[in-house]
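Note sheet for the following structure.
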Amino acid sequence: MMHKPVDVGDPDRLYMVTGGRSTADDAFDLVTLIVSESEPSTGMQSEYVRILELCRHPTALVEISAELKLPVTVTRILVGDLHDMGKVSARHPRAAESVASLPETALLQEVLHGLRNL
């Protein structure tokens, strides 16, 4: 099995895509869901257009990165730009319920025992 390098993008191209920026806002983690809030504008950078098209339905940042075949940091920069322009919104997935709100272990064991007896 052949493994390709993770970052196959030309560094000069990546520099141009991000406008020379190399650090991204940490507001977006890998599973942040991005949703388009508007259609692409005329003359908009092609990567922005593609992100807006991909995010017509909630799409995780890591999925956007994979579809664009760009490093996650570059994708974060681009999504951050679109967020600042009001073109996308970010939704963090719901966190798992706290352990305190889960049923007691004893109750679950009784249910399991009852099911086995059926």
Spacing of [atom1] belonging to [X] relative to [atom2] belonging to [Y], to within rounding of 0.5 Å:
X     : Y     : atom1 : atom2 : result
Lys87 : Ile51 : NZ    : CD1   : 13.0 Å
Asp29 : Arg76 : CG    : CZ    : 7.0 Å
Arg50 : Glu47 : CZ    : CD    : 11.0 Å
Arg91 : Thr32 : CZ    : OG1   : 12.5 Å

Just by distance, do the side chain of Ser36 and the backbone of Val88 share a donor-acceptor pair under 3.5 Å? no
Residue pairs, two or more places apart or on separate chains, that pass ring pair (Phe, Tyr, Trp, His ring centres under 6.0 Å) and touch residues 36-74: none
Could you name each residue pair satisfying ring pair (Phe, Tyr, Trp, His ring centres under 6.0 Å) that touches residues 58-85, not counting sequence neighbours? Phe28-His83
So [Y] and [X], do their side chains get closer than 4.5 Å, heavy atoms only?
X     : Y     : result
Ser38 : Met85 : no
Leu78 : Ile64 : no
Met44 : Leu52 : yes

Mind checking whether Val35 and Val31 sit in one hydrophobic cluster, side chains of I, L, V, M, F, W, Y counted as touching below 4.5 Å? no
Those residues that, when tested against Arg56, pass salt bridge (Lys or Arg N to Asp or Glu O under 4.0 Å) (two or more places apart): Glu39
